[in-house]
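As the structure is a prediction and not an experimental result, all values here were calculated from the model.
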2 protein chains.
Amino acid sequence: MKLQQLRYIVEIVNQNFNITEAAEVLYTSQPGVSKQVRLLESELGINIFERNGKHIKGLTPTGAQIISIARELLLKTQGIRAVAEEETHPNKGSLRIATTNTQARYVLPSIIEKFKAQYPEVNLHLHQGSPNQIYDALMLGEVDIAITTEAQYLFESAVLLPCYLWNRSVIVKPDHPLAKQNQKLTVEELGKYNLITYTFGFTGRSDLDHAFNKVGILPNIVFTATDADVIKTYVRLGLGVGIMASMAYTKDDVDLVAIDASHLFQSSMTQIAFRRGMFLRNYMYDFINYFSPHLTKMRVEEAEQLRDNSAILRLFEKITLEEK
Amino acid sequence: MKLQQLRYIVEIVNQNFNITEAAEVLYTSQPGVSKQVRLLESELGINIFERNGKHIKGLTPTGAQIISIARELLLKTQGIRAVAEEETHPNKGSLRIATTNTQARYVLPSIIEKFKAQYPEVNLHLHQGSPNQIYDALMLGEVDIAITTEAQYLFESAVLLPCYLWNRSVIVKPDHPLAKQNQKLTVEELGKYNLITYTFGFTGRSDLDHAFNKVGILPNIVFTATDADVIKTYVRLGLGVGIMASMAYTKDDVDLVAIDASHLFQSSMTQIAFRRGMFLRNYMYDFINYFSPHLTKMRVEEAEQLRDNSAILRLFEKITLEEK
DNA sequence: AACGATTACGAATGCCGTAATAATC
DNA sequence: GATTATTACGGCATTCGTAATCGTT
């Protein structure tokens with residue numbers, strides 16, 4: 001069994017069982033990959049891949065288990081390299097982040113600017129996707145860090161650190177009735193209008209639905225989007241009232257009015273995640289710390305020792321209380 | 001980076017930083033090992049080993065981290081092989097168990113007999129040691145399964161399954177006053193005699209101390225041993241009253257009298273442990289099941305999904321309740 | 001017919017072992 | 001002086017790439 005052979009079989013799976021493409025990605029020849037796969041299979045005495053004559057169709061049940069172990073194993077080789085690089089080039093390397101639109105567009109820019117200034121030699125890769133995609137990218141080792149506000153249950157097998165609470169604002173044009181009234185906004189009132197908000201599974205949408213359910217109102221949601229820019233665009237077209245993360249309302253949005261709605265909906269939590277047992281470069285700790293100042297290296301390490309994410313939540317609730 | 005190179009550096013650590021011995025254990029030549037180590041170090045650009053001129057003294061801090069990752073990584077290669085062997089030779093392989101004296105001497109024989117009959121082609125290795133040694137052997141991958149009755153806190157990073165509760169008996173010679181009295185035994189009464197029991201850290205000794213502490217009696221423990229045979233020997237010599245696991249009193253002990261003491265001391269729990277994430281061969285599940293009938297493959301798998309051992313305990317408390 | 005996997009073969013690399021050397025205890 | 005690590009070097013195995021072949025879609 002060779003590390004290369006494991007790299008080969010994992011890459012074949014990644015490339016949808018196409019050895020030719022896998023060979024290209026690996027900068028090697030098709031026959032070489034094919035041969036090493038057969039060698040590994042004969043060494044283990046089993047078929048990893050399900051074949052139809054000469055064509056690979058998929059994984060055998062045993063093969064699927066082996067791929068899963070091989071993936072973890074290859075991640076550990078990256079860990080060894082990272083440990084070594086931390087000593088040889090502590091300020092050099094790459095930081096791969098997966099996140100959703102809201103973070104990428106409104107929260108991360110200033111943090112990345114600061115980070116870039118501190119670590120000019122770290123290559124930053126930012127991948128935007130749905131919570132599910134973010135989770136997959138994290139677990140397949142395609143990114144080092146995930147930032148998410150949704151589907152915390154997905155990340156049970158990762159280390160999930162609470163970053164900050166955020167609230168929603170209602171967005172309307174200045175001539176809209178809601179912009180003129182002085183009374184405090186109610187959920188009932190919002191229910192009267194056409195609403196534009198996030199697509200289900202994005203940016204705290206589940207918390208929002210929950211608030212309407214609780215008062216027994218079926219909201220009239222006419223448009224949904226995965227990002228606030230689209231929401232604002234449709235509000236500007238007069239198609240409805242927008243509900244989005246307050247941080248997505250910026251000083252450039254002079255043609256829109258934001259009405260605080262933090263009293264209507266439960267606060268949502270933005271969280272940062274990484275794979276359990278992963279070696280974190282020092283600059284990664286720093287990035288996490290820039291993103292969320294209470295997440296010092298010491299506290300992150302302490303949190304990782306805890307067995308599940310609810311214990312991590314309790315830890316930080318305690319820390320917040322003590323600081324007050 | 002090659003798997004062999006990782007095997008080499010780990011084995012050098014195992015052999016106390018002696019490359020010559022490591023080479024012997026690996027059935028290869030000293031220069032070959034030495035060269036591969038230098039190659040790996042130069043590939044990573046760091047020193048794994050602390051050197052004094054040409055002699056290896058120990059690990060660098062970075063090296064220590066790398067060894068730790070390399071160990072986990074090599075365990076995963078064993079996992080891949082195990083998955084393959086499960087398909088090629090489901091009834092063939094090895095089962096390495098670490099346990100304490102009491103289990104090895106009084107509990108396991110009948111189970112091993114049954115297991116051997118079922119799986120004649122599985123090589124059994126039984127290692128006896130202190131709870132600490134058992135834990136180390138398990139975590140270093142030297143054994144597949146650990147059976148323990150002590151120091152559960154040590155096994156937090158493993159999967160720890162509750163097997164059965166057991167109690168203690170007081171062992172005396174037939175002419176001893178305790179053998180003749182008909183009243184129920186009390187802790188106070190026991191405190192009057194010289195006692196012989198387990199060494200601290202073995203076979204539920206901590207539970208025993210706890211019982212004396214609770215009633216504020218300082219027991220007069222004159223001999224301690226790691227196994228019941230030694231305890232019985234000293235009782236036979238008339239040196240004191242023995243307190244040991246009831247299961248260690250067998251039909252061969254006709255010259256001794258056992259007095260049930262389950263009402264005096266809290267029951268102790270025997271537990272079975274394996275590394276989290278380890279691939280268990282089917283015969284291993286069967287062994288666990290023979291050892292503890294309520295631990296079916298399904299329940300063991302379910303328990304492993306849980307995040308910590310207290311959750312596993314709760315799961316089995318629930319199962320026990322439902323069965324009643 | 002085109003694409004994709006395997007086989008065949010030659011070149012190059014790399015690993016391993018013996019022998020010799022150097023350094024430490 | 002004995003033990004232990006490194007260097008040198010030659011043989012062997014393995015891997016990799018190109019070219020050709022075979023099968024599938």
State whether the number of non-hydrogen atoms from other residues, nucleotides or ligands found under 6.0 Å of A:Lys57 atom NZ is greater than 12.
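Open.
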So, OP1 or OP2 of [N]: does either fall under 4.0 Å of a side-chain N or O from [X]?
X	N	answer
A:Ser29	D:dT18	no
B:Ser34	D:dT6	yes
A:Tyr27	D:dG17	no
B:Lys35	D:dT6	no

For atom [atom1] of [X] and atom [atom2] of [N], their distance in whole Å:
X	N	atom1	atom2	answer
B:Gln15	D:dT4	CD	C1'	15 Å
B:Asn52	D:dT3	CG	C1'	15 Å
A:Leu26	D:dC16	CG	P	10 Å
B:Glu24	D:dT3	CD	P	12 Å
B:His55	D:dA2	NE2	C1'	10 Å
A:Gln36	D:dG17	CD	P	11 Å
A:Ile56	D:dG23	CD1	C1'	14 Å
B:Glu21	D:dT4	CD	P	7 Å

Side chains of A:Leu44 and A:Met1, heavy atoms from C-beta outward: is any pair under 4.5 Å?
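A:Leu44 reaches A:Met1 side chain to side chain.
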Please report how far the helix from C:dA1-D:dT25 to C:dC25-D:dG1 bends, comparing the axis fitted to its first five pairs with the axis fitted to its last five, to the nearest 10 degrees.
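The angle, to the nearest 10 degrees, is 40°.
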Name the one of B:Asn282, B:Leu280, B:Asn91 that satisfies side chain to side chain contact (heavy atoms under 4.5 Å, CB included) with B:Glu86?
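Of the listed residues B:Asn282, B:Leu280, B:Asn91, the side chain to side chain contact (heavy atoms under 4.5 Å, CB included) partner of B:Glu86 is B:Asn282.
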So what does [X] touch, heavy atoms closer than 4.0 Å: a base, only the sugar-phosphate, or nothing?
X	answer
B:Gln30	base
A:Leu39	sugar-phosphate
A:Phe17	sugar-phosphate

Backbone N/O of [Y] and side chain of [X]: donor-acceptor pair under 3.5 Å:
X	Y	answer
A:Arg275	A:Val159	no
A:Tyr8	A:Leu3	no
A:Asp227	A:Asp229	yes

Measure from the side-chain heavy atoms of A:Pro31 and tell me the nearest of D:dT15, D:dT6, D:dT18.
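Selected nucleotide: D:dT18.
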CG-CE distance between B:Leu95 and B:Met284, expressed to the nearest 0.5 angstrom
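B:Leu95 atom CG to B:Met284 atom CE measures 5.5 Å (nearest 0.5 Å).
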Which residue lies more 5' along DNA chain C, comparing A:Asn18 with B:Tyr8 via nearest heavy atoms
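Checking each residue's closest nucleotide, the 5'-ward one belongs to A:Asn18.
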Anything under 30° is parallel, anything over 60° is perpendicular, the rest tilted; go ahead and classify B:Tyr119 against B:Phe115.
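Tilted, since the angle between the ring planes falls between 30° and 60°.
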Tell me, please, the opening and closing nucleotides of DNA chain C, 5' to 3', among those with an atom under 4.0 angstrom from a non-hydrogen atom of chain B.
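Range of nucleotides touched by chain B: C:dC15 to C:dC25.
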Answer yes or no: is there an ion pair linking B:Arg81 with A:Glu43, defined by an N-O contact shorter than 4.0 Å?
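Between A:Glu43 and B:Arg81 there is a salt bridge, with a charged N closer than 4.0 Å to a carboxylate O.
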Lys/Arg-Asp/Glu bridge criterion (N-O < 4.0 Å) met for B:Glu41, B:Arg51:
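Yes, charged N to carboxylate O under 4.0 Å.
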When you match A:Lys54 and A:Thr28 each to their closest nucleotide on DNA chain D, which lands nearer the 5' end?
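Mapping each residue to its closest nucleotide by heavy atoms, the 5'-most match is A:Thr28.
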